[in-house]
Amino acid sequence: MALEAAGGPPEETLSLWKREQARLKAHVVDRDTETWQRDPAFSGLQRVGGVDVSFVKGDSVRACASLVVLSFPELEVVYEESRMVSLTAPYVSGFLAFREVPFLLELVQQLREKEPGLMPQVLLVDGNGVLHHRGFGVACHLGVLTDLPCVGVAKKLLQVDGLENNALHKEKIRLLQTQGDSFPLLGDSGTVLGMALRSHDRSTRPLYISVGHRMSLEAAVRLTRCCCRFRIPEPVRQADICSREHIRKSLGLPGPPTPRSPKAQRPVACPKGDSGESSGEGQPPQDHSPGPRTAPRPGSQEQAGKDWQ
DNA sequence: GCGACAG
DNA sequence: ATCTTGTCGC
């Protein structure tokens, strides 16, 4: 009877989850492991994946998980899979992965079995990577469990390690004048946790990019830039569209026919002229301390309990 | 008690 | 995350 709907999972569950995060965190590789990641034009990169989970409005359980794969640099959808799922874990800030990752993992494994040739070389994940309470956000979590390079792409700043969406932060955002402008997110601990990135000329609100797995922050930001026709990078945006559309269909709701009047002519992503950008101008001294760490092997995967209900 | 709160 | 309608600018 006494559901913890209002209070969230018990302390015991959070404790287990924290231990699981700490265990998996040891496997995160926060540097480039692929040759294309170091190439200025990302030559060698052909497929970029995106994942997302959308929710059914009045329902706290039903949701749709989607995985899409886009060609690079064209950014055309070459694969998409959506699946209705029943969520078991509640959303708790800092533990998003325990809610979403199991289903995303299934989608990746299904692709691995049925269309291995379409396996993405990197995944853009809705949420944070190392920019996280314990340095292990959903992008790290999915990265370690799939062993795919992953990038964390968050739409809001997770206020962690002294990072605050305060007046100073907002002022820095105001200084991001054009597409590609960015500034580092330096935590109190002295670590660069991620970058705030203006991903599009027509969007004031930045993205918060952080390392997920097997990719440097520099490459992560550069790749994100190359994937942005709009504010949200295409892989994530397409995954979002797919999952919402799938929910509509499954609910038998009226869907938008084809809202395209003129010939579909879409913006190009990758800016060519400037490869560098205006980060850190007129700001406190910011040095790059990558702190490369190696990680042995993925290890075994166990379920860290779904015993809060 | 107050404030924060990725998705 | 989810919902909503209009409004503004090119």
Side-chain angles (χ1 to χ4, degrees), chain A residues 5-9 14 17-18 21 50-67 82 84-105 123-143 150-167 169 185 187 193-197 200-212 220 224 230-233 235-237 239-248 250-251 253-254 256 259 261-262 265-267:
Chain A
L14 295 182
W17 283 355
K18 286 179 191 171
Q21 289 178 328
V51 291
D52 189 45
V53 178
S54 292
F55 304 83
V56 178
K57 179 189 166 185
D59 196 326
S60 61
V61 169
R62 299 244 300 160
C64 178
S66 289
L67 164 65
S82 298
M84 291 302 302
V85 300
S86 293
L87 301 171
T88 58
Y91 170 69
V92 183
S93 179
F95 302 94
L96 175 64
F98 294 92
R99 182 167 166 86
E100 299 192 349
V101 152
F103 309 108
L104 301 178
L105 194 51
L123 276 179
L124 301 194
V125 182
D126 212 334
N128 291 297
V130 300
L131 174 46
H132 179 268
H133 305 71
R134 288 161 296 279
F136 193 74
V138 62
C140 300
H141 205 127
L142 186 60
C150 282
V151 176
V153 181
K155 297 181 284 296
K156 296 175 188 170
L157 177 65
L158 184 56
Q159 308 196 157
V160 118
D161 194 21
L163 292 174
E164 266 187 297
N165 187 17
N166 55 20
H169 182 79
L185 302 165
L193 297 175
M195 287 282 225
L197 169 71
H200 196 273
D201 270 333
R202 304 286 303 242
S203 179
T204 288
R205 300 174 52 198
L207 294 177
Y208 297 96
I209 307 302
S210 57
V211 169
T224 302
F230 304 99
R231 178 183 175 237
I232 306 299
V236 172
R237 186 172 159 267
D240 182 71
I241 291 171
C242 279
S243 54
R244 296 172 114 101
E245 202 55 39
H246 194 87
I247 286 179
R248 283 193 177 185
S250 80
L251 293 183
L253 290 183
S261 29
Q265 172 173 285
R266 45 288 242 284

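Note that the coordinates shown come from a computational prediction; the quantities given were computed from them, not determined experimentally. Letters A, B, ... are given to chains in the order of the sequence lines, protein chains preceding strands, and every chain is numbered from 1.
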Using only side-chain N and O atoms of A:Arg244, determine if any of them is under 4.0 Å from OP1 or OP2 of C:dT2.
-> yes
Where do A:Met84 and A:Ile247 come nearest, in terms of heavy atoms and distance?
-> SD-CG1, 4.2 Å
For A:Arg99 and A:Ala89, which heavy atoms make the closest approach, and how far apart are they?
-> NH1-O, 2.8 Å
Taking the P atom of each, how far is C:dT4 from B:dG3, in whole Å?
-> 31 Å
Minimal non-hydrogen separation, A:Asn165 against A:Leu157, with atom names = N-CD2, 3.8 Å
Can A:Tyr91 be said to stack with the base of B:dG7, given centres closer than 5.5 angstrom and planes under 30 degrees apart?
-> yes
Indicate yes or no for a side-chain donor-acceptor contact from A:Ser66 to the backbone of A:Ser243 under 3.5 Å, with no hydrogens or angles considered.
-> yes
Whole angstrom value for the distance that separates C1' of B:dA6 from CE of A:Met195 | 19 Å
With heavy atoms under 4.0 Å as the rule, sort A:Gly94 into base, sugar-phosphate or nothing.
-> base
Grab the CZ-C1' distance between A:Arg237 and C:dA1 for me, whole Å please.
-> 18 Å
Dot-bracket encoding of pairs in DNA chain C, which uses [ ] for pseudoknotted crossings and | for another strand, Watson-Crick or G-U under 3.5 angstrom | ..........
Aromatic contact, A:His141 with A:Phe98 (centres under 6.0 Å) | yes
To the nearest angstrom, how far is A:Lys57 atom NZ from C:dC3 atom P?
-> 7 Å
Nearest heavy-atom contact between A:Arg231 and A:Ser203 is CD-OG, 3.1 Å
Counting any heavy atom closer than 4.0 Å, what does A:Asn128 reach on the DNA or RNA strands: base, sugar-phosphate only, or nothing?
-> base
note: A:Lys156, atom NZ; C:dT2, atom P; distance rounded to Å ~ 11 Å
At under 4.0 Å between heavy atoms, what does A:Val138 touch on the DNA or RNA strands: base, sugar-phosphate, or nothing?
-> base
Test log, rule side chain to side chain contact (heavy atoms under 4.5 Å, CB included), inputs A:His246 and A:Ser54 | CA-CA 9 Å; A:His246 194 87; A:Ser54 292; over 6 Å; no
Return the value, rounded to whole Å, for the distance between atom CG of A:Asn166 and atom P of B:dA4.
-> 11 Å
Starting from C1' on B:dG7, measure out to NE2 on A:His133 and report it in whole angstrom.
-> 12 Å
Rounded to whole Å, the NE2-P distance (A:His141 to B:dA6) equals 18 Å
Is the shortest side-chain N/O distance from A:Ser54 to OP1 or OP2 of C:dT2 below 4.0 Å?
-> yes
Quickly work out the A:Leu158 CG to B:dG7 P distance and round it to whole Å.
-> 9 Å
When you check the phosphate oxygens OP1 and OP2 of C:dA1, does a side-chain N or O of A:Lys155 lie under 4.0 Å from one of them?
-> yes
